[in-house]
Amino acid sequence: MIDLRSDTVTQPSEAMKRAMHSAPLGDDVLGDDPTVKALEAHIAEMLGKEAAVFTPSGTMANQLAIRSVCEAGDEIIAHRDSHVIHYETGAPAALSGCMIAPLDGPGGIFSDLEMAAAVRGPDDHNAVDRMVIVENTHNRGGGTAWSLDQFKAVSEAAHHQGLHVHVDGARLFNAVTASDYSASEFIAPADSVSVCFSKGLGAPVGSALIGSRKLVDRSRRFRKMFGGTMRQSGMLAAAAIYALEHHVDRLGDDHQNARALARALSGVPRIHLELTAEKIPSNMVFFNLEEPGPTAADFCSRLEEHGVRMIPMGLRRVRAVTHLDVAAEAMPMAAEACAVVLEELQIMAGGSDAG
Ligand SMILES: *Cc1c(COP(=O)(O)O)cnc(C)c1O
């Protein structure tokens with residue numbers, strides 16, 4: 001099976017399992033798991049911030065930032081296609097009583113002017129804008145990486161309005177790989193950032209929220225409240241440390257594979273790539289199926305029978321994500337399977353037309 005549904009499908013390698021197996025452990029609820037502490041110090045240092053807290057998921061890391069900074073009735077500004085709107089179960093409303101003002105913009109990116117225009121003034125009618133969230137890379141936007149200049153402009157405008165700048169950096173290291181900035185350079189203007197160790201970095205579980213000591217200390221109370229404080233979690237933190245040490249530098253391979261997949265798909269009839277191979281920013285390939293024709297859901301379920309998995313991200317929109325458990329050789333094979341499936345579905349549709 002060539003599994004391109006997400007970069008979360010990776011299995012921990014033998015070496016990663018050995019690191020987990022030999023990690024010194026304690027009870028992190030009581031604050032004495034040395035491996036969790038080491039991970040938190042390591043990721044905070046990598047990003048040039050004071051502190052970090054280890055969480056079970058990226059959703060929790062984002063929600064801790066929101067809960068720690070906002071109060072009920074506050075508003076968060078984020079791109080319309082952002083993860084926090086689409087895939088976090090309405091948690092800003094449920095857990096923090098916040099609403100979100102959605103912004104437009106190609107590829108999940110918006111400008112400082114668009115952001116500033118969304119901020120409501122000081123009037124008793126208005127929700128209080130408290131936070132802006134920038135997603136880098138932007139998942140539904142196509143794996144897009146923000147430019148440093150645009151992010152600096154947005155951060156400056158946000159700070160000018162008194163907003164907290166949170167980066168949803170589930171794939172921050174993919175953004176760094178795709179760009180000419182380092183992780184700490186990009187994060188410098190931000191007040192907080194979440195990163196996932198279980199995406200392209202290949203750890204089985206875990207994310208972190210990183211920011212000032214004050215913010216992180218406050219978020220620990222909410223992590224406990226949300227049920228996310230874990231005991232001998234050093235076993236998981238060890239996998240994350242291993243991932244940071246061994247799997248960051250290789251992310252470029254995934255980006256190359258995504259471009260190779262796009263190149264192979266560009267020759268397949270009835271598939272319309274959103275971006276040409278040279279323009280694929282990171283490890284994601286999005287394409288649309290021609291209309292009339294199968295839906296993305298029908299296409300993906302049939303594709304699975306041919307040993308390839310991708311996911312529907314809209315009526316006719318399909319996403320494929322490369323990661324450390326798929327090899328370069330799999331790219332032309334995956335594209336070939338797409339061609340075969342579309343051919344079969346075309347013949348079936350033609351057959352039913354004929355009666
Ligand atoms: C995956 C992801 C998250 C966190 O997801 P979890 O499954 O909760 O770890 C957050 N933001 C983005 C952009 C993501 O892709």
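Just so it is clear, the model here is predicted, and its values are computed rather than measured. Quick note: numbers below take in every heavy atom, side chains included, and nothing from hydrogens, waters or symmetry partners. Start at 1 and go down the list; that is how both ligands and their atoms are numbered.
- Residue pairs satisfying the ring-ring contact (aromatic ring centres under 6.0 Å, His included) criterion with at least one member in residues 60-106, sequence neighbours excluded, are listed as follows: H79-H138, H83-Y87.
- Annotation: ligand 1 has protein neighbours S57, G58, T59, N62, H83, E88, E135, N139, D168, A170, R171, C196, K199, each with a heavy atom less than 4.0 angstrom from the ligand.
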Give the table of side-chain donor-acceptor pairs shorter than 3.5 Å for residues 194-204, with sequence neighbours excluded, one pair per line with atom names and distance.
{"unit_1": "S194", "atom_1": "OG", "unit_2": "N62", "atom_2": "OD1", "d": "2.7"}

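- Aromatic ring centres of F173 and H247 lie farther apart than the 6.0 Å criterion allows.
- A salt bridge does not link K37 to E40: none of the charged nitrogens lies less than 4.0 Å from a carboxylate oxygen.
- Within the structure, salt bridge (charged side-chain N to carboxylate O under 4.0 Å, His left out) pairs that include any residue of residues 144-168 do not occur (at least two apart or interchain).
- With ring centers used as reference points, W146 lies 6.0 Å or more from Y181.
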